[in-house]
K.L.:
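Below is a structure I'd like to ask you about.
All residue numbers refer to positions in the sequence shown, counting from 1. Please read these numbers as outputs of a predicted model, since none were measured by experiment.
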Amino acid sequence: MDRYPAIADLQRRARWRIPHFAWEYLDSGTGAEQARDRNIEALRQVTFVPRLLRGELHPSTETELFGTTYAAPIGIAPVGLTSLIWPGADLALASMAATKTIPYVLSTVGTEKPEVAGPVAGGMGWFQLYPPRDHQVRDDLISRAKDSGFTTLVVTADVPAASRRERQRKARVRVPPKIGPALIARAAVRPAWSIETLRSGLPRFKGLESYIDEATMAKTAGFVGANLGGTLSWDYLASVRELWDGPLVVKGLMNPDDAERAVETGADAVVVSNHGGRQLDGSVASIEALPHVVERVGSQIPVLFDSGVRSGLDVARAIALGASFVFCGRAFMYGLGALGVDGPAHAFDVLHEDLVNVMHQTGCERLDQLSERVS
């Protein structure tokens with residue numbers, strides 16, 4: 001895979017391998033996309049001062065979290081409508097996570113059932129919950145995730161309402177897709193994607209279909225819009241805490257006061273994230289918020305991180321500023337778009353090899369030494 005030694009290489013190939021509407025769904029932010037770009041640029045501002053002449057080094061990236069030892073502090077963030085990027089995406093991600101021993105987070109609006117994806121993940125599966133308005137649906141989703149082998153529940157807090165995502169509107173990203181001459185033409189010039197999609201069928205929110213009579217994609221999409229999100233409160237989170245007896249993570253917190261309240265409500269970890277710049281274009285960069293959250297709650301719980309990560313160097317930067325674990329969404333999806341089901345494993349190898357190299361270059365054998373090298 002020397003043709004694609006960086007996530008940016010996978011990004012470029014994915015753009016020319018998947019249809020325009022799928023690319024716009026994956027790559028876009030919201031507004032003028034300043035938050036998306038700010039995430040990336042702010043990470044670039046984090047630099048290191050190497051320590052040298054340290055002899056032969058054997059960097060270790062193994063990381064323990066919630067009693068599980070992972071191969072590296074790199075996880076697969078939840079992404080919705082995954083099979084739009086490549087058919088069978090969730091199973092490919094789950095399988096790779098099991099092979100590489102890293103966490104994989106299945107989204108409520110992913111395209112595979114928890115009962116199918118969970119066993120494939122082989123104990124590496126986490127389940128992300130967009131809070132349903134109907135408490136019976138909520139309770140059932142949580143029960144299904146537990147019964148399917150998902151070990152950790154991730155409650156997403158940073159989508160109080162759907163964002164506008166103007167770029168997706170212009171690309172006419174629709175669920176279900178409006179099949180017409182424009183869509184057919186855009187699919188036709190991406191034959192590999194089109195052939196695989198014809199074999200597998202159009203993406204569906206399979207995990208939610210059991211809650212809908214005669215579940216067509218249109219009805220399921222309507223259910224998502226009407227029933228998921230917009231109701232999350234501290235009382236709601238407390239109720240989820242009572243229902244879930246495993247590790248509970250709250251994703252999308254940027255304010256230290258919110259992080260502290262999450263700990264008080266029973267969270268076992270928080271994820272500092274601005275949803276990859278897809279919700280509020282005026283948001284502070286996630287990496288800028290990270291140290292403040294770590295300072296407030298990092299001695300009590302693990303602080304996790306995502307948004308803007310495009311390299312193992314970025315993983316090292318977040319770890320150096322106090323993150324216990326780093327999650328990537330687009331990086332793995334670029335791999336899927338670029339290389340199909342083999343892409344996520346290559347994306348992980350790129351990130352992991354780069355992280356190990358950074359540790360060599362900065363003179364670190366342990367991840368916790370990275371904080372001592374920040375300039």
Side-chain angles (χ1 to χ4, degrees), residues 1 4-10 43 46 48 57-79 92-106 120-126 151-152 154 247 249 251 269 271-273 286-287 290 294 298 302-336 339 342-374:
M1 294 290 187
Y4 312 106
I7 298 300
D9 298 311
L10 296 175
L43 275 162
V46 181
F48 295 93
L57 296 176
H58 301 280
S60 173
T61 62
E62 284 193 348
T63 303
E64 184 176 330
L65 188 63
F66 306 139
T68 298
T69 299
Y70 296 104
I74 301 170
I76 305 168
V79 178
L93 293 166
S95 177
M96 185 277 284
T99 300
K100 299 292 187 180
T101 322
I102 62 170
Y104 149 71
V105 189
L106 173 67
V120 174
M124 296 293 108
W126 297 14
T151 63
T152 301
V154 180
V249 178
K251 180 180 183 292
V271 184
V272 175
S273 168
S286 293
I287 198 66
L290 175 63
V294 170
V303 177
L304 318 182
F305 177 82
D306 87 1
S307 297
V309 176
R310 299 293 188 272
S311 65
L313 175 56
D314 288 341
V315 173
R317 287 162 163 153
I319 296 294
L321 294 188
S324 297
F325 222 94
V326 178
F327 285 80
C328 311
R330 287 188 180 97
F332 288 108
M333 300 308 293
Y334 290 145
L336 275 165
L339 303 172
D342 295 328
H346 181 63
F348 171 77
D349 289 342
V350 167
L351 295 167
H352 185 240
E353 290 172 12
D354 193 21
L355 173 60
V356 171
N357 186 262
V358 170
M359 294 176 72
H360 274 292
Q361 301 301 330
T362 55
C364 297
E365 285 201 314
R366 303 189 317 272
L367 290 164
D368 61 8
Q369 293 174 317
L370 286 165
S371 62
E372 303 167 6
R373 310 292 192 262
V374 174

K.L.:
How far does NE2 of H346 sit from CD1 of I7, to the nearest 0.5 angstrom?
P.N.:
7.0 Å

K.L.:
When rounded to the nearest 0.5 angstrom, what is the spacing between OG1 in T68 and CH2 in W126?
P.N.:
8.5 Å

K.L.:
Supply the atom-to-atom distance E64 CD to Y70 OH, rounded to the nearest 0.5 angstrom.
P.N.:
10.0 Å

K.L.:
Let me see the working for Y4 and V350 under side-chain contact (heavy atoms from CB on, under 4.5 Å), right down to the final yes or no.
P.N.:
CA-CA 9 Å; Y4 312 106; V350 167; over 6 Å; no

K.L.:
Under the side-chain contact (heavy atoms from CB on, under 4.5 Å) criterion, do Y334 and R310 qualify, and how do the steps go?
P.N.:
CA-CA 10 Å; Y334 290 145; R310 299 293 188 272; 4.1 Å; yes

K.L.:
Mind listing the closest non-hydrogen atom pair of I76 and A97 along with its distance?
P.N.:
CD1-CB, 4.2 Å

K.L.:
Can you tell me how far apart CE (M96) and CZ (F332) are? Round to the nearest 0.5 Å.
P.N.:
4.5 Å

K.L.:
Measuring from T99:OG1 to M124:CE, what's the distance to the nearest 0.5 Å?
P.N.:
11.0 Å

K.L.:
Of all the heavy-atom pairs spanning D354 and G312, show the shortest one and how long it is.
P.N.:
OD2-N, 3.0 Å

K.L.:
Identify the heavy atoms of L336 and A92 that sit nearest to each other, and give their distance.
P.N.:
CD2-CB, 4.2 Å

K.L.:
Compare all side-chain heavy atoms of F48 with those of L370 and state whether any distance is below 4.5 angstrom.
P.N.:
yes

K.L.:
Take I102 and H352, measure what side-chain contact (heavy atoms from CB on, under 4.5 Å) needs, and give me the verdict at the end.
P.N.:
CA-CA 11 Å; I102 62 170; H352 185 240; over 6 Å; no

K.L.:
Please examine the side chains of M359 and E365, heavy atoms only from C-beta on, and report whether any two atoms are closer than 4.5 Å.
P.N.:
no

K.L.:
Looking only at heavy atoms, what is the nearest atom pair of S307 and S286, with distance?
P.N.:
CB-OG, 3.2 Å

K.L.:
How close do L339 and G343 get, counting heavy atoms only, and between which atoms?
P.N.:
CB-CA, 3.7 Å

K.L.:
Within a strict 4.5 Å, meaning less than it, do heavy atoms of the S95 and V120 side chains meet?
P.N.:
yes

K.L.:
How would you list, by chain and number, every residue that makes a side chain to side chain contact (heavy atoms under 4.5 Å, CB included) with A269, sequence neighbours excluded?
P.N.:
F66, V249, P302, L304

K.L.:
Using residues 315-325 as the side-chain source, report each donor-acceptor pair under 3.5 Å to any protein atom, sequence neighbours left out, with the distance given to one decimal.
P.N.:
residue : atom : partner : partner atom : Å
R317    : NE   : L43     : O            : 3.0
R317    : NE   : V46     : O            : 2.8
R317    : NH1  : D314    : OD1          : 2.8

K.L.:
Quick check: closest heavy atoms across A331 and A347, and the distance to 0.1 Å?
P.N.:
O-CB, 3.8 Å

K.L.:
Just so I know, are the side chains of R330 and V79 near enough to count as touching, which here means a heavy-atom distance under 4.5 Å?
P.N.:
no

K.L.:
CZ/R373 to OG/S371 distance, rounded to the nearest 0.5 angstrom?
P.N.:
8.5 Å

K.L.:
When you compare the side chain of L355 with that of P73, does any pair of heavy atoms fall below 4.5 Å?
P.N.:
yes

K.L.:
Before you tell me yes or no, could you show the steps for I287 and F305 under side-chain contact (heavy atoms from CB on, under 4.5 Å), namely the whole-Å CA-CA distance, both residues' side-chain angles and the distance that decides it to 0.1 Å?
P.N.:
CA-CA 8 Å; I287 198 66; F305 177 82; 3.9 Å; yes

